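What follows is a short report on a single structure.
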Number of protein chains: 2
Amino acid sequence: MAENAIGSEGLLFLTDEQLRKGIEAMFFAYRGFTADPDRILDTMDYGRAHHRAVHFINRNPGLTVSQLLAILGVTKQSLNRVLRTLFEDGLVEAKVGRTDKRERRLHLTEKGAALERLLSDAQRARMRAAYRAAGPQAVQGFRTVLEAMMDPEMRRQYQGLKETEA
Amino acid sequence: MAENAIGSEGLLFLTDEQLRKGIEAMFFAYRGFTADPDRILDTMDYGRAHHRAVHFINRNPGLTVSQLLAILGVTKQSLNRVLRTLFEDGLVEAKVGRTDKRERRLHLTEKGAALERLLSDAQRARMRAAYRAAGPQAVQGFRTVLEAMMDPEMRRQYQGLKETEA
DNA sequence: AATTTACGTCAGCCTTGTTGACATTCCAAG
DNA sequence: CTTGGAATGTCAACAAGGCTGACGTAAATT
């Protein structure tokens with residue numbers, strides 16, 4: 001057996017075909033990843049954008065609009081359209097910042113938390129099934145590769161937001 | 001140390017927090033995943049939808065419109081808008097099916113293949129960097145989890161299209 | 001007092017998805 | 001040989017969720 005693709009460093013996994021397979025895996029898996037919450041959202045007047053906002057507000061209660069903006073990577077006009085409906089529907093509330101009164105610190109209401117739970121239960125169920133099927137070793141690798149795939153800035157967001165005022 | 005989260009099966013990786021981290025990893029990583037091709041596409045008159053079409057036509061030369069439809073999971077009207085511009089710009093050509101003349105078998109032109117290469121070089125570069133940083137073990141796990149996350153139907157698409165007429 | 005920051009808003013545009021309706025061509029089965 | 005269904009395209013209308021640009025206000029900072 002020649003050492004064509006494998007080479008001396010055992011780099012079979014860097015083959016063009018391997019990389020393309022990885023690309024397609026991301027594509028198809030992301031579809032599965034969003035499928036369950038999307039189905040739920042479709043029955044309401046919300047979309048994936050609302051889900052994202054609710055998710056990150058839940059994960060970082062009290063974050064400011066600009067922090068959320070940075071996480072989501074969209075324009076404030078785009079985010080505002082979403083936030084407005086969440087306010088109007090009483091899913092999210094904003095508290096004026098203690099130290100800086102210009103800031104609006106975002107929190108889920110009980111109603112908002114309920115929606116978050118509904119969506120994230122669905123999404124976590126699939127995640128859990130995938131994790132269980134793949135095993136802890138694979139999960140470790142999964143997280144490692146995903147992390148390496150992020151933009152450095154996003155990796156920082158992922159690894160933990162700066163301390164947020166409660 | 002209590003056996004709260006870990007339990008008897010060593011299921012630390014199925015913790016709520018672990019699952020949520022996985023969800024966020026998918027979100028941030030997918031952004032990185034699409035960032036480079038997106039930047040290129042923005043300089044042209046194309047979007048992510050064109051990229052997807054070109055990618056899968058390249059990977060499965062001679063596939064039919066309905067096959068592509070099934071892979072992409074969009075409506076024919078949506079796909080057609082994209083395909084039309086690709087035809088007009090001479091990136092894709094359709095050959096009438098040999099056995100079934102209703103079918104249009106899709107192929108990239110040289111120009112189309114050039115675009116595909118441009119986009120996929122960028123995307124693969126990031127993939128390669130992530131793979132290299134994570135190592136073969138992690139890559140294996142990455143693929144395993146992603147595969148488990150797909151809808152069964154999509155998993156079939158992923159694992160290989162049915163035999164396509166050349 | 002002047003500037004900058006955080007946030008909101010109006011207006012308009014683009015891409016990419018959706019439904020629904022309808023036409024054509026062709027295969028396949030009765 | 002006719003007929004139903006499959007494969008494809010097309011017109012129209014609409015929605016979600018991005019974007020840019022411009023403008024306004026309140027509060028912090030210098």
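This structure is a prediction, so every number in the text was calculated from the model and none was measured. Chain A is the first sequence line, chain B the second, and so forth, proteins listed ahead of strands; every chain is numbered from 1.
Note on B:His50: a side-chain N or O is less than 4.0 Å away from OP1 or OP2 of C:dT16. Listed pair B:Thr75 / C:dG17 fails the phosphate criterion, with no side-chain N or O lying under 4.0 Å from OP1 or OP2. Distances shorter than 4.0 Å separate some side-chain N or O of B:Arg52 from OP1 or OP2 on C:dG17. In terms of phosphate contacts, A:Asn80 brings no side-chain nitrogen or oxygen within less than 4.0 Å of OP1 or OP2 of C:dC7.
Computed from coordinates, the A:Glu103 CD to D:dA26 C1' distance equals 13 Å when rounded to whole Å. Counting to the nearest Å, the C1' atom of D:dG17 and the CZ atom of A:Arg84 are 13 Å from each other. Following rounding to the nearest Å, A:Leu83 (CG) and C:dT9 (P) show an atom-to-atom distance of 10 Å. In this structure, A:Arg81 places its CZ atom 12 Å from C1' of C:dC10, rounding to the nearest Å. Whole-Å rounding puts the B:His51 NE2 to C:dT15 C1' distance at 16 Å. One interatomic measurement links the two molecules: CG of A:Leu41 to C1' of C:dG17, which rounds to 16 Å at whole-angstrom precision. In this structure, A:Lys95 places its NZ atom 16 Å from P of C:dC7, rounding to the nearest Å. Atom CD in B:Gln67 sits about 14 Å away from atom C1' in D:dA6, given to the nearest Å.
Residues A:Arg155 and A:Glu153 are not paired through a salt bridge, judged by the lack of any N-O separation under 4.0 Å between the basic side chain and the carboxylate.
Within a 6.0 Å sphere centred on CD of B:Gln77, other residues, nucleotides and ligands contribute more than 12 heavy atoms. Counted within 6.0 Å of CD on A:Gln137, heavy atoms from surrounding residues, nucleotides or ligands total 12 or fewer; the atom is thus considered open. Within 6.0 Å of CG in B:Asp42 there are more than 12 heavy atoms belonging to other residues, nucleotides or ligands.
Of the two residues near DNA chain D, A:Lys101 and A:Asp45, the one whose nearest nucleotide lies more 5' is A:Asp45. In terms of position along DNA chain C, the nucleotide closest to A:Arg102 lies nearer the 5' end than the nucleotide closest to the other residue of the pair A:Lys76 and A:Arg102.
With D:dG18, C:dT9, C:dC27 as the choices, the nucleotide that has an atom nearest any side-chain atom of A:Ala49 turns out to be D:dG18. Set against C:dG17, C:dC26, C:dC7, the side chain of A:Ser66 has C:dC7 as its closest nucleotide.
Within residues 111-123 of chain A, no residue has any heavy atom closer than 4.0 Å to DNA chain D.
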Apply the test salt bridge (Lys or Arg N to Asp or Glu O under 4.0 Å) to residues B:Glu17 and A:Arg124: give CA-CA distance (whole Å), side-chain angles for both, the deciding distance (0.1 Å), then the verdict. CA-CA 10 Å; B:Glu17 175 62 19; A:Arg124 281 205 312 279; over 6 Å; no

The test is salt bridge (Lys or Arg N to Asp or Glu O under 4.0 Å); show your working for A:Glu24 and B:Arg59 and say whether it passes.
CA-CA 10 Å; A:Glu24 288 175 2; B:Arg59 290 282 280 167; 2.7 Å; yes

**Prompt:** Does the pair B:Asp151 and A:Arg31 meet the rule for a salt bridge (Lys or Arg N to Asp or Glu O under 4.0 Å), with working shown?
**Reply:** CA-CA 8 Å; B:Asp151 276 338; A:Arg31 284 252 291 277; over 6 Å; no

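Nucleic acid contact for B:Arg48: sugar-phosphate only, since backbone atoms but no base atoms lie under 4.0 Å from a heavy atom of the residue.
For A:Gln77 against D:dG21, a side-chain N or O and a base N or O form a donor-acceptor pair under 3.5 Å.
Remark: B:Arg117 engages B:Glu110 in a side-chain hydrogen bond (donor to acceptor under 3.5 Å, both in side chains) (not counting sequence neighbours).
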